[in-house]
Each structure stands twice: as C-alpha cells, then as structure tokens.
2 protein chains.
Amino acid sequence: MERVDVLNERLSKANLKLTKARKAIWETIASAAEPLSIPQIMNRAKKMCPSLGLVTVYRTLAVMEKAGLIKLFQTKDGSMGYVSSVLAAESHHVQCIICKKVVEFECTGMEDTIRAVEEKTGFCIERHNLELFGICPSCMKKSLQK
Amino acid sequence: MERVDVLNERLSKANLKLTKARKAIWETIASAAEPLSIPQIMNRAKKMCPSLGLVTVYRTLAVMEKAGLIKLFQTKDGSMGYVSSVLAAESHHVQCIICKKVVEFECTGMEDTIRAVEEKTGFCIERHNLELFGICPSCMKKSLQK
DNA sequence: CATCTAATTGAAAAAATTTTTCATTTGGAG
DNA sequence: CTCCAAATGAAAAATTTTTTCAATTAGATG
C-alpha cells in the first residue's frame, strides 16, 4: 500500500478530504527520518504545495494527530517534532542521566513481556518504544574518581 | 537525602545558587504525580514563593533541564509537561493507536533485556520507560464488524 | 557578621508561535 | 456538471516565550 493510501483511508473514514495540502504534509512527515518541527514541515511541504499557508500546517497537524497518523516525539536534543506513527520505526535507546548522551541498541528478548501484556490487557500490540536511563561508562568513571 | 539536597548538589556543582524561586519550582515538580505544564508550575510554585515571575519559571526550567533535574514528558492526553528525572517513577503503558486509550500495566520480565543492554553498552541502567502501541479490544471488535 | 560580586530576579517590552475569524476555493458525492 | 460541506489562505488576535535592564540576593571572603 502506498503512503498516500494510508492517508486516504484514515481521512475518508473520518469524512475528511484528501487535499493537496494534506498530501504534501503527509509525504513530508512520512518520508522524514527524524521528527520534524513545524517550521521544517512548512518549508518542505511548501515545495510540493507552493500555496500552502502556515495556518493549514497547524490545522493539518491537529487533524492528523487526532486521526492517529502522526505523533509528537521528542528528538535527541530534547526538542519536539512530529513523526509518522503508521510508519514509525521502533525506538530503543539508553540515555545517560548525567551527560545526556544517547546510545541506540538492538532490542531483544521483549517477546515475553509483550505477550504477557497482550494477555493481561487484551490489546494487540504492534510496536514499542523502550527508553532506558542510567549512567554511561565515562560518567561512571568520573564519579568514581572524585 | 532530602529533595532539596538533590537540587543543591546539582546546582552547586555548576556554580548555581540555591534560591527561593528554584526551591519552590523544584518542590513543585518533584512532588507532583503527573507531568506539569508551565502554567501549572507557575501557579503551584507561586504559593511557596509569591513574588515568583513567569520569566523566572522559564529560566529555571531551562537550568534544571540542563542540569538533568527535570525532563520534558508527554502526558497521556498528548500534551507536554515537566517531571523530575531524579525521582521520576517508571512508566509502563500501552496505548491504542485508534481511540488513544491508555492502559497502565505492571512490567515484568525486563531484567534480561536490561542486563543485555548493560553488557552491550556499558551503561549502568537505573530505570526505564516502556511504551507499547497497538489496538485495544474494543477497537479490534469494531474493525472486525466493518 | 559586614562587605563584595557575580548570579538571579521581576517587570516591561519585544519577538515568536499559535489560534481565530472570515471570505474564497476545492474535493468529491450525487 | 452541480452543489455543498469541508478546507484553504490571509489578516488579525491571542498566547507563549525570549530579551533587556535595573534592582535584589546568595553565598564566598575577610
């Protein structure tokens, strides 16, 4: 299924129209590797839809967020941006609570935890984010030296 | 260790002063059960420090975020708020990607995953957040009916 | 405990962001 | 093709955040 079909499916369910502005904004967010800020979305989407106004960006983001198409996400530098929730990759990282460094890791062994939650809650789970917090090796070393 | 000592320790390391405003804001955030918005922080902290200005709230939040004392966090309704990162409770929830309902669950069986990450990254992990996304039982039922 | 200094503060102003209003345009059902 | 509700852009309004600056304060030093 094409990206634009995902958009169309969700919009039409809610009696919403598939417009040029919405297509441009959706393509912008869905094709980005990182969460995008509102000005970034505006700039990139305007290339596909030159008449696009900032007001429409705000309104479209609200619509898409409600429709579950996008999601507000914290980037590694602490600021917020939008990502596609349909195509969003899973996120697994560990962050140092002292120096704030972020390290990604490959996440294994979650199957049992997830299955247990599915049984307990009745949800059918599609994806997960796991954020770990701790102290990185170099901060650990420094704190021992004091 | 008292809450205010945690604050003092981190501030003094960075040559920052322990002021009435900072104490009030810290107590406000550290004693809250939920992430607090900036207006909420302002209102609550003002009770402990009546002269507090909104500008100081902004500046103090920036200082505390940099110092690793607090963290921007997404609340269940999607808005953002600040939580104490030192005392923050772990968060485990599953959210329906359709109706947005959030259900907390008791998280078990993470020990192996965490130990594996500690070995791979060298971090000493203190706590974790696990967010699961899927479809809740009632949305599942509805989608089958169509 | 009095003095000193850099850090911090609050108020006002400025800047930036977000929302509202409204007349016009557009998607898509019939 | 026609029609109408939904969507749009521009301008204005409202709200949020940042900057500036003079006054105050924490806490180090003597």
Side-chain angles (χ1 to χ4, degrees), chain A residues 4-29 35-67 69-70 72 74-75 77-82, chain B residues 4-29 35-67 69-70 72 74-75 77-82:
Chain A
V4 69
D5 298 327
V6 175
L7 175 66
N8 195 18
E9 191 190 313
R10 298 256 184 134
L11 290 178
S12 59
K13 267 189 194 164
N15 255 43
L16 298 168
K17 294 178 181 173
L18 182 63
T19 65
K20 248 178 294 175
R22 285 171 181 173
K23 265 186 259 183
I25 291 167
W26 175 240
E27 282 300 324
T28 300
I29 295 173
L36 298 181
S37 68
I38 288 173
Q40 284 176 319
I41 293 167
M42 175 66 183
N43 288 336
R44 300 190 191 186
K46 211 173 169 103
K47 285 175 193 160
M48 287 179 261
C49 175
S51 70
L52 184 66
L54 186 55
V55 197
T56 299
V57 175
Y58 277 99
R59 284 188 286 222
T60 302
L61 292 175
V63 164
M64 290 184 178
E65 191 165 23
K66 231 183 206 168
L69 286 157
I70 61 172
L72 203 52
Q74 197 163 22
T75 59
D77 68 332
S79 60
M80 303 300 299
Y82 287 93
Chain B
V4 68
D5 298 328
V6 176
L7 174 66
N8 195 18
E9 191 188 314
R10 298 253 184 138
L11 291 179
S12 60
K13 268 189 195 166
N15 255 41
L16 298 167
K17 293 177 181 174
L18 181 63
T19 64
K20 248 178 294 176
R22 286 173 180 172
K23 265 187 259 183
I25 292 167
W26 174 242
E27 283 299 325
T28 299
I29 296 173
L36 297 181
S37 68
I38 288 173
Q40 285 176 318
I41 293 167
M42 176 65 183
N43 288 336
R44 299 189 193 185
K46 210 172 168 104
K47 285 175 192 159
M48 285 179 262
C49 177
S51 70
L52 184 66
L54 187 54
V55 197
T56 299
V57 174
Y58 278 99
R59 284 187 288 222
T60 302
L61 292 174
V63 164
M64 289 185 178
E65 191 165 23
K66 232 184 206 168
L69 286 157
I70 61 172
L72 203 52
Q74 196 162 22
T75 59
D77 68 333
S79 60
M80 304 299 298
Y82 287 94

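Note on naming: letters A, B, ... go to the chains in the order of the sequence lines (proteins, then strands), and numbering restarts at 1 for each one. Computed from heavy atoms alone, side chains included, the values below leave out hydrogens, waters and symmetry copies.
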Checklist entry - Is any side-chain heavy atom of A/L7 less than 4.5 Å from a side-chain heavy atom of A/M64? => result yes
Checklist entry - How do A/V63 and B/P39 order along DNA chain D: which one's closest nucleotide is nearer the 5' end? => result A/V63
Next on the checklist: Could you check whether any side-chain heavy atom of A/I70 comes within less than 4.5 Å of a side-chain heavy atom of A/W26, counting everything from C-beta outward?
Outcome noted: yes
Checklist outcome for this item: Whole-Å distance, A/L52 CG to D/dA10 P, equals 10 Å
Next on the checklist: Rounded to whole Å, how long is the line connecting atom CG of B/L54 with atom C1' of C/dT9?
Outcome noted: 13 Å
Checklist entry - Separation of B/L16 atom CG from D/dT25 atom P, in whole Å? => result 19 Å
Next on the checklist: Closest approach to the side chain of A/I38, judged atom by atom: which nucleotide of D/dT17, D/dA10, C/dT18 is it?
Outcome noted: C/dT18
Next on the checklist: If I take atom CE in residue B/M42 and atom P in nucleotide D/dT15, what distance separates them, rounded to the nearest angstrom?
Outcome noted: 16 Å
Item to check | Spacing of A/L11 atom CG relative to D/dA5 atom P, expressed in whole Å | outcome: 20 Å
Next on the checklist: Whole angstroms only, please: what is the NZ-C1' distance between A/K23 and D/dA6?
Outcome noted: 16 Å
Checklist entry - Does atom NZ of B/K46 have more than 12 heavy-atom neighbours from other groups under 6.0 Å away? => result yes
Checklist entry - Can you tell which of C/dA6, D/dT20, D/dA5 lies closest to the side chain of B/K17? => result C/dA6
Item to check | Nearest-angstrom distance from the residue atom CG of A/N15 to P of C/dG30 | outcome: 10 Å
Checklist entry - Okay, side chain of A/R10, backbone of A/A67: is any donor-acceptor separation there less than 3.5 Å? => result yes
Checklist entry - Among C/dG28, D/dT17, D/dA7, which nucleotide sits nearest the side chain of B/Y58? => result D/dT17
Checklist entry - Between C/dT20, D/dT8, C/dA11, which nucleotide gets closest to the side-chain atoms of B/V55? => result C/dA11
Item to check | Minimum-distance nucleotide to B/K20 side chain [options: D/dT8, D/dT18, D/dA26] | outcome: D/dA26
Checklist entry - Whole-Å distance between D/dA28 C1' and B/L18 CG? => result 15 Å
Checklist entry - Is any side-chain nitrogen or oxygen of A/R22 closer than 4.0 Å to OP1 or OP2 of D/dA7? => result yes
Checklist outcome for this item: Closest of D/dA10, D/dT18, D/dT8 to the A/A21 side chain is D/dT8
Checklist entry - So, the side chain of B/S12 versus the backbone of B/E9: is there a donor-acceptor pair under 3.5 Å, distance only? => result yes
Checklist entry - Which listed nucleotide (D/dT8, D/dT16, C/dA11) is nearest to the side chain of B/R59? => result C/dA11
Next on the checklist: Counting only side-chain nitrogens and oxygens, does B/T19 get under 4.0 Å of the OP1 or OP2 atom of C/dA7?
Outcome noted: no
